[in-house]
Amino acid sequence: MKPFVLLATRAEDLPADAEYALFLRYSGLDERDLIRVRLEAEPMPHLDLDALSGIFVGGGPFNASDPPEQKTAVQHRVEAEFAALLDEVVARDFPFLGACYGVGPLGLHQGGSIDRTYTEPIGVVPVTLTDAGASDPVLAGMPRLFNAFVGHKEAIKDLPSSAALLASSPTCPVQMFRVGRNVYATQFHPELDLEGIILRIHAYGGYGYFADDEVDATIARSKLGPVEHPSRMLRNFVELHAR
């Protein structure tokens with residue numbers, strides 16, 4: 001089988017390693033078949049799409065809507081690398097699934113608008129599939145309404161006309177969308193489980209997701225409902241595109 005790639009941007013080793021482990025666990029892949037590239041540490045290598053089965057994008061600290069002068073040189077580099085990659089990915093309709101951070105690069109690439117209108121604090125939200133989502137093969141076997149973990153400072157405000165809306169939540173209208181047949185982005189985290197989100201809460205204190213005295217409340221908010229279904233889409237994605 002040709003490998004998949006996980007493009008990651010977390011600079012902190014503990015949550016970065018945990019994210020990779022979660023993608024391995026819920027995709028059903030092993031380390032040989034899921035190559036991790038840490039973009040915060042090194043430039044994106046040339047990705048020969050003919051030699052790959054698909055691309056995953058993990059979450060991360062970058063906000064596409066931040067003013068250019070507030071972005072680091074690393075963020076500017078990563079954004080330029082994603083823009084170039086997406087030129088080829090979208091043109092070829094190559095299998096791509098961006099989780100959380102993937103919304104920004106793909107949404108902007110397609111002409112959507114991203115700002116802080118629909119931020120969601122770290123926790124659990126109910127996500128509802130649209131008709132298009134209910135019939136999408138990556139979401140096969142998912143209930144029409146399910147809980148998912150979220151936590152983001154920005155989101156898509158206006159969905160690009162090229163995109164199909166697949167899922168929404170009451171506080172964030174665009175939770176998942178698709179471009180073409182095979183290019184996806186989710187605002188929620190399909191890779192996360194409760195242990196994983198608690199690890200991130202402890203790792204990202206002081207990053208502006210919650211106040212210093214809100215750690216316990218944020219963990220409690222992440223336990224408000226069972227999160228059982230989102231990880232299924234990772235295995236679906238692999239089963240559909242492994243070659």
Side-chain angles (χ1 to χ4, degrees), residues 7 9-10 57-72 75-76 78-80 82-83 86 90 96-134 136 139 144-180 183-192 197 200-201 204-212 214-215 217-218 220-222 224-225 227 230 233:
L7 299 177
T9 59
R10 299 183 187 279
V57 178
F62 298 150
N63 292 300
S65 63
D66 283 347
E69 64 274 12
Q70 292 183 12
K71 296 179 181 180
T72 65
Q75 182 172 349
H76 281 293
V78 170
E79 290 178 350
F82 267 113
L86 286 167
V90 172
F96 177 98
L97 176 56
C100 194
Y101 178 62
V103 165
L106 182 59
L108 289 178
H109 183 271
Q110 292 297 293
S113 61
I114 296 176
D115 63 17
R116 299 197 175 212
T117 301
Y118 298 114
T119 62
E120 290 178 304
I122 294 173
V124 178
V125 299
V127 175
T128 301
L129 298 182
T130 64
D131 290 343
D136 190 279
L139 294 162
R144 197 70 183 251
L145 176 66
F146 58 89
N147 288 331
F149 290 117
V150 298
H152 53 99
K153 299 176 184 178
E154 63 180 11
I156 285 193
K157 181 179 181 181
D158 298 304
L159 190 67
S161 60
S162 60
L165 180 64
L166 302 181
S168 298
S169 70
T171 47
C172 184
V174 181
Q175 282 287 349
M176 184 174 182
F177 65 94
R178 185 189 69 235
V179 175
V183 182
Y184 297 86
T186 69
Q187 188 64 77
F188 60 90
H189 286 273
E191 83 285 1
L192 269 182
I197 198 168
R200 287 188 194 172
I201 290 168
Y204 289 108
Y207 281 69
Y209 292 99
F210 50 85
D212 291 344
E214 293 179 339
V215 172
T218 303
R221 197 164 54 240
S222 301
L224 288 177
V227 177
M233 70 180 65

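Below, all heavy atoms of this structure are taken into account, side chains as well, without hydrogens, waters or symmetry copies. For clarity, every value in this text was computed on a predicted model and none was experimentally measured.
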Do any pairs count as a ring pair (Phe, Tyr, Trp, His ring centres under 6.0 Å) and have a residue in residues 149-180, sequence neighbours left out, and if so which ones?
-> none
Is the closest side-chain heavy-atom distance between L192 and R200 below 4.5 Å?
-> yes
Report all side-chain donor-acceptor pairs from residues 102-109 shorter than 3.5 Å, counting only partners two or more places apart or in another chain.
{"unit_1": "H109", "atom_1": "NE2", "unit_2": "D87", "atom_2": "N", "d": "3.4"}
{"unit_1": "H109", "atom_1": "NE2", "unit_2": "D87", "atom_2": "OD1", "d": "2.8"}

Step through the shown structure and confirm whether more than 12 heavy atoms of other residues, nucleotides or ligands are within 6.0 Å of NZ on K153.
-> yes
Distance flag, aromatic centroids of F62 and F82, threshold under 6.0 Å = no
Would you mind reporting whether P61 and Q75 have side-chain heavy atoms less than 4.5 Å apart?
-> no
Those residues at least two apart in sequence (or on a different chain) that pass ring pair (Phe, Tyr, Trp, His ring centres under 6.0 Å) with F146 are F188
Between G59 and T9 the two heavy atoms that sit nearest each other are O-OG1, 3.4 Å
Strictly by modelled atom types, are Y204 and R10 linked by a side-chain donor-acceptor pair under 3.5 Å?
-> yes
Would R116 and D66 satisfy side-chain contact (heavy atoms from CB on, under 4.5 Å), going step by step from the backbone distance to the final call?
-> CA-CA 10 Å; R116 299 197 175 212; D66 283 347; 3.1 Å; yes
Heavy-atom nearest pair, Q175 first then S168, reads CG-C, 3.7 Å
Contact check, side chains of T171 and Y118, non-hydrogen atoms, under 4.5 Å | no
Would you check if V174 and K157 make a side-chain contact, meaning some heavy-atom pair closer than 4.5 Å?
-> no
Taking all heavy atoms of P230 and all of A148, pick out the closest pair and write down the distance.
-> CG-CB, 3.9 Å
For the pair I201 and E214, evaluate side-chain contact (heavy atoms from CB on, under 4.5 Å) and give the outcome as yes or no after the intermediate values.
-> CA-CA 10 Å; I201 290 168; E214 293 179 339; over 6 Å; no
I197 and S222: CA distance, side-chain angles, deciding distance, side-chain contact (heavy atoms from CB on, under 4.5 Å) verdict = CA-CA 8 Å; I197 198 168; S222 301; 3.9 Å; yes
Ignoring hydrogens and angles, state whether a donor on the side chain of E120 or S169 is under 3.5 Å from an acceptor on the partner side chain.
-> yes
Would a 4.5 Å heavy-atom cut-off, applied to side chains only, mark Y184 and V57 as touching?
-> no
Supply the atom-to-atom distance L165 CG to M176 CE, rounded to the nearest 0.5 angstrom.
-> 10.5 Å
Any side-chain heavy-atom pair from V127 and N147 closer than 4.5 angstrom?
-> no
Decide whether E154 and S65 meet the rule of one side-chain donor and one side-chain acceptor closer than 3.5 Å.
-> yes
Who passes salt bridge (Lys or Arg N to Asp or Glu O under 4.0 Å) against E79, sequence neighbours left out?
-> K71
Distance col, row S162:OG vs L159:CG, nearest 0.5 angstrom, shows 7.5 Å
Test item: H76 side-chain N/O and P68 main-chain N/O as donor-acceptor pair under 3.5 Å | yes
Residues L139, L129; criterion side-chain contact (heavy atoms from CB on, under 4.5 Å); working and verdict | CA-CA 9 Å; L139 294 162; L129 298 182; 3.8 Å; yes
Answer whether the closest heavy-atom distance between the side chains of T186 and M233 falls below 4.5 Å.
-> yes
For T117, side-chain hydrogen bond (donor to acceptor under 3.5 Å, both in side chains) partners two or more places apart = D115
Pairwise side-chain contact, F96 with L86, heavy-atom cut-off 4.5 Å (strictly under) = yes
Which pairs, with at least one residue in residues 162-180 and sequence neighbours excluded, count as a salt bridge (charged side-chain N to carboxylate O under 4.0 Å, His left out)?
-> D136-R178
What one should report as the nearest heavy-atom pair of P126 and P170 is O-CD, 3.4 Å
